[in-house]
Amino acid sequence: MKAAARRLPAPIRAVASRLPRMPASIAFATGLNLTLRRKFPAEVMDRLEGHTFAIVVEDAGFELLFRVRGRRFVPVAKAEEPVLRFRAVAWDYAALAAREADPDTLFFNRRLVVEGDTEIALLVKNTLDTIDIPRTRSILRRAMRAVGPGAG
Amino acid sequence: MDQGVASPALRTTRMKLVCPAGTPPALKAAVDNGADDVYLGFKDETNARNFAGLNFDDRSLREGIDYAHRKGAQVLVALNTYPQPASWRKWQAAVDRAAELGVDAIIVADAGLLAYAAKTHPGLRLHLSVQGSATSHEAIAFYHEHFGIKRAVLPRVLSVEQAEKVVARTPVEIEVFGFGSLSIMVEGRCALSSYATGESPNTHGGCSPAKAVRWQPTPGGLESRLGGVLIDRFGEEDHPGYPTLCRGRFVVNGDTYYPFEEPTSLNTLELLPRLQAMGVAAIKIEGRQRSPVYVETVTRVWREALDDCAREPQRFRVKPAWQEALAGISEGRQCTLGAYHRPWK
């Protein structure tokens, strides 16, 4: 894995940074419900209940916000301080989701920043590591290969 | 029992590759990429990687054993923390669960637990954990005589010469660490982190329990704290490591440095021909807390290296591509030979 992160091209960054936040958070929460909700153990969802999470896509210049309520992921417009905030570029998030990158390595290399409750962060990380979503990962991997090499 | 020096000719020449798994996908990654043995733990403090969301319940372990056995790999369960009088039954039950689920061996540190396992499940293969802290052939002979251990994992405090002497004087298979994060390695006897967390890693299963860890961005850099104790402060160009006390940067007599250990990773690829020649039975990879991607990468590299070494040890060369792949997933910016290379010993 190379140290440099691949950043979104400037035109995409310009468009992404102007997108309204709420529709993006709605789409993201819907995606989580479709792909992950049933795969997260009930006791993990219960542990996350009521907490708000923030995903900062640094090169797109926006933040996705969602909360866990009633064992579902729901979008949030404006949050109180989230229990966890992740910061990375879009490419690295995709690489994590596709299981092309190791989260600890991204953390050691300062490409993934995690702020907030470490215990919940570890629970989320380890639970995500437990989940097999081969179709979704395969689509992501193909898409990443089509775009080009992983860093530069 | 035979306590004589084992003949090198009787030893297997192909070293086994023992890989970590904290989750079922990591187990599959290890098996699919050529691990001979996969080691893992239950979801509680009976093992030394007791972290939220990590490890196996009965169902996932049963499925993992089926998967590994179908592909010719073995599953070892680490029960390598020390039970206390009040919690004895929990560790006892963990031994029973492992035996009933059909694991291939358990990795145990506590003599009482070894005695229980040997008596209750005489057919269950026993490995002495690195947490058992047996650094001499006499110590290993004790566990062999009393509990019939079949393999012992050497603590990461011995030089190659010292490890060689142990291997030559014991009939027990010897497993050594090949790759992974390093700490001060006073295995099974270190209670340093308990000064910051109130919990001993030897009884609770972790040097840096997540509830005691805080990562805090500050104007001076990213701070890591353990139980409120400042472990390190990282500038933009610094690379954070796991926040344990032994890898902390402290002010000592006015100087700021790592008084115990700098965050580094062990990498013994270059020692493989020597380890093989001296009769080491198995190479262990650290990292049950790491992701399936880590397990996949490290298993693939070490499988290829071990196969190369077994085929033509005289012509064995460490490939730059292996080092590059391992450097990409290592903690810290440097890899070392750890205690294996101690010219002064």
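Chain A is the first sequence line, chain B the second, and so forth, proteins listed ahead of strands; every chain is numbered from 1.
- Contact tally against chain B (heavy-atom pairs below 4.5 Å) for A:Leu122, A:Leu128, A:Asp117: the top residue is A:Leu122.
- Between A:Glu49 and A:Arg71, none of the side-chain N atoms (NZ, or NE/NH1/NH2) sits under 4.0 Å from a carboxylate O, so this pair counts as no salt bridge.
- Only the backbone of A:Val114 comes within less than 4.5 Å of a heavy atom of chain B; no side-chain atom from C-beta onward does.
- Among A:Thr127, A:Ile120, A:Asp132, the residue with the largest count of heavy-atom pairs under 4.5 Å with chain B is A:Asp132.
- Judged by the 6.0 Å distance and 45° axis criteria, B:Lys43 is not positioned over the aromatic ring of B:Phe56.
- A cation-pi arrangement is found for B:Arg97 relative to B:Phe42, the charged atom lying closer than 6.0 Å to the ring centre and inside a 45° cone about the ring normal.
- Of all heavy-atom pairs spanning A:Pro103 and A:Leu112, the tightest one is O-CD2, 4.0 Å.
- Of the listed residues A:Arg99, A:Arg110, A:Glu43, the one with more heavy-atom pairs under 4.5 angstrom with chain B than any other is A:Arg110.
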